[in-house]
Amino acid sequence: MMSNASPNRGRRRLVCAAGCAAFALPAAALFSRIAAAQDKLDPSSPTAAALAYTHDATQSNRPSDDQTCLNCLHYTGDAETEWGPCAIFPGTVVARDGWCVGWVPKS
Ligand code: SF4
């Protein structure tokens with residue numbers, strides 16, 4: 001009696017897993033590039049100026065030297081990329097090393 005299991009099933013699963021991994025890694029890099037390709041927030045725009053946003057936190061009047069966008073609750077970028085999204089400024093990206101008066105510590 002013949003088995004219903006294909007002798008190539010294991011190989012197919014391996015090929016599928018390799019294909020998924022081959023897709024996932026470039027997709028992650030692509031999403032990161034898409035975020036980086038968004039327009040950078042213009043510090044002179046009315047909202048940014050009202051919140052004293054600057055691309056370089058060292059040039060701001062922040063109350064503490066350890067405050068940057070990277071450790072702000074509103075920042076959803078990562079440490080690997082120089083620019084990332086901020087919930088306060090939708091549709092743009094802010095500098096990882098930037099700052100504004102909307103800074104809130106990540107919990
Ligand atoms: Fe940076 Fe936070 Fe201000 Fe957004 S709210 S610009 S992440 S300091």
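Indexing begins at 1, ligand by ligand and atom by atom, following the structure's order.
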Checklist outcome for this item: Rounding to 0.5 Å, atoms CZ (R96) and CG (D78) come to a distance of 9.0 Å
Considering only protein heavy atoms, which is closest to [atom], and at what distance to one decimal place?
| atom | value |
| --- | --- |
| atom 3 (Fe) of ligand 1 | C100 SG, 2.3 Å |
| atom 2 (Fe) of ligand 1 | C72 SG, 2.3 Å |
| atom 4 (Fe) of ligand 1 | C86 SG, 2.3 Å |

Next on the checklist: Would you say that C86 contacts H74 through its side chain, given a criterion of any heavy-atom pair below 4.5 Å between the two side chains?
Outcome noted: yes
Next on the checklist: A side-chain contact here means heavy atoms from C-beta on lying under 4.5 Å apart; do H55 and D97 qualify?
Outcome noted: no
Next on the checklist: Under 3.5 Å, is there a donor on one side chain and an acceptor on the other for Q67 and W103?
Outcome noted: no
Checklist entry - Between the side chains of D56 and T54, is a donor N or O closer than 3.5 angstrom to an acceptor N or O? => result no
Within ligand 1, which atoms have a heavy atom of [X] less than 4.0 Å away?
| X | value |
| --- | --- |
| I88 | 5 (S) |
| Y53 | 6 (S) |
| C69 | 1 (Fe), 6 (S), 7 (S), 8 (S) |

Next on the checklist: Below 2.8 Å, can you find an N, O or S atom of H74 next to atom 1 (Fe) of ligand 1?
Outcome noted: no
Item to check | Test side chain to side chain contact (heavy atoms under 4.5 Å, CB included) applied to F89 and L41, step by step | outcome: CA-CA 8 Å; F89 301 105; L41 177 63; 3.6 Å; yes
